[in-house]
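Read the structure below first, then the notes.
We name chains A, B, ... by the order of the sequence lines, and we start the count at 1 in each one.
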Amino acid sequence: MPTRRSRALARAFYARPTLRVARDLIGMVLVHRTNEGTAAGMIVETEAYIGEDDPACHAAPGPTPRNAPLYGPPGVAYIYLNYGMHYLVNVVTEAAGRPAAVLVRALEPLEGIDLMERRRTRNAGQPAVPDLCRGPGNLTKALGVTLAENLLDLTRGALRIEDRGYRPSPVARGPRIGIRIGVDRPWRRWVSGHASVSGPRRRRSSGQW
DNA sequence: CGTTCGATGCACT
DNA sequence: GTGCATCGAACGT
């Protein structure tokens, strides 16, 4: 009997065009439960990576051992190590055999903020709360997500995405950032003006808007 | 304020 | 051997 308590998104949510999933993930909540505790944050920034024709998508070279999750069923986590030190988390979209995913780039911290702070501790001091999950490498560190969570089913289990009714707006769109190729495709989505969105810092008083 | 650059591991050619 | 879907310290202005 399906429990009403579970607000986890169903597989049908992910089995849709990737740009739509990227948009609709804004406002959803990424949750990671570990024996250290639970940490969760609202998704405020995403990017779509779609198919072998997208030069920035990991599926661009065709199937390889690393990108195998992209070719599998939707609603599954695809996690990989980037620059030798940061784990990045994607959600697989569309359908098996059609490699595509959405990269989760930033969260607004909601739950387990003290746990996030412990995980993010460094010698030069604690990041401010809005910065704890600002950036794709930072959010996995704050949530304790590693390669061990690769291929986990996001519709149930320890790593999941839930709908808790948040509907932040407005949602902006623009080119993906941090990549060398495929920058022409405006496949990034983010909550306009949100403090936890990555990329260049917003101006204080002068200009920008 | 801005830009540059080193860290660090591995998938892929 | 090359090049990253990054981060933040260090340095220049």
- Item | Value in whole Å for how far the P atom of B/dC12 lies from CD1 of A/I181 | 14 Å
- Message: Under 4.0 Å, heavy atoms only, any strand: does A/R120 hit a base, just the sugar-phosphate, or nothing?
- Response: sugar-phosphate
- Query: Quick one: is C/dC7 close enough that its OP1 or OP2 comes under 4.0 Å of any side-chain N or O from A/N138?
  - Reply: yes
- Message: Under 4.0 Å from OP1 or OP2 of C/dA5: is there any side-chain N or O of A/H86 that close?
- Response: no
- Task: Provide the Watson-Crick or G-U wobble partner of B/dG2, both distances under 3.5 Å; none if there is no partner.
- Result: C/dC11
- Message: Among B/dT13, B/dA7, C/dT6, which nucleotide has an atom closest to any side-chain atom of A/M85?
- Response: B/dA7
- Query: Taking any strand in view, what nucleotide pairs with C/dA5 in a Watson-Crick or G-U wobble way, both distances under 3.5 Å?
  - Reply: none
- Note on the structure: To the nearest angstrom, the CG-P distance between A/L88 and B/dA11 comes to 15 Å
- Task: Answer yes or no: does a side-chain N or O of A/R105 lie under 4.0 Å from OP1 or OP2 of C/dT6?
- Result: yes
- Message: Please report the distance, rounded to the nearest Å, between CZ in A/R176 and P in C/dC4.
- Response: 14 Å
- May I have all residue pairs that pass ring-ring contact (aromatic ring centres under 6.0 Å, His included) and include part of residues 102-122 of chain A, sequence neighbours excluded? none
- Please give, in whole Å, the distance from B/dC10 C1' to A/N82 CG? 11 Å
- Provide, to the nearest angstrom, the distance between the OH atom belonging to A/Y87 and the P atom belonging to B/dT8. 14 Å
- Message: Between A/E111 and A/R164 (salt bridge meaning N to carboxylate O under 4.0 Å), is one present in this structure?
- Response: yes
- Specify the separation, in whole Å, of atom CG of A/D54 and atom P of C/dC4. 14 Å
- Message: What's the gap between B/dC5 and C/dG3 when it is taken at their C1' atoms, as a whole Å value?
- Response: 16 Å
- Item | Atom-to-atom span, CZ of A/R66 to C1' of C/dC4 - whole angstrom | 8 Å
- Item | Aro-ring/base stack A/Y83-B/dA7, d under 5.5 Å, angle under 30° | no
- Query: A/L132 CG to C/dG8 P: how many Å, rounded?
  - Reply: 11 Å
- Of the candidates C/dA5, B/dG9, B/dT8, the side chain of A/L81 sits closest to B/dG9
- Query: Salt bridge between A/R176 and A/D54, side-chain N to carboxylate O under 4.0 Å?
  - Reply: yes
- Task: Kindly say whether the aromatic ring centers of A/H58 and A/Y80 come within a distance under 6.0 Å.
- Result: yes
- Give a yes/no verdict on a cation-pi contact between A/R16 and A/F13, requiring under 6.0 Å between NZ or CZ and the six-membered ring centre and an angle within 45° of the axis. yes
- Short side-chain N/O contact to C/dC4 OP1/OP2 from A/R180, under 4.0 Å: yes
- Query: So, does the side chain of A/N90 form a donor-acceptor pair with the base of C/dA5 at under 3.5 Å?
  - Reply: yes
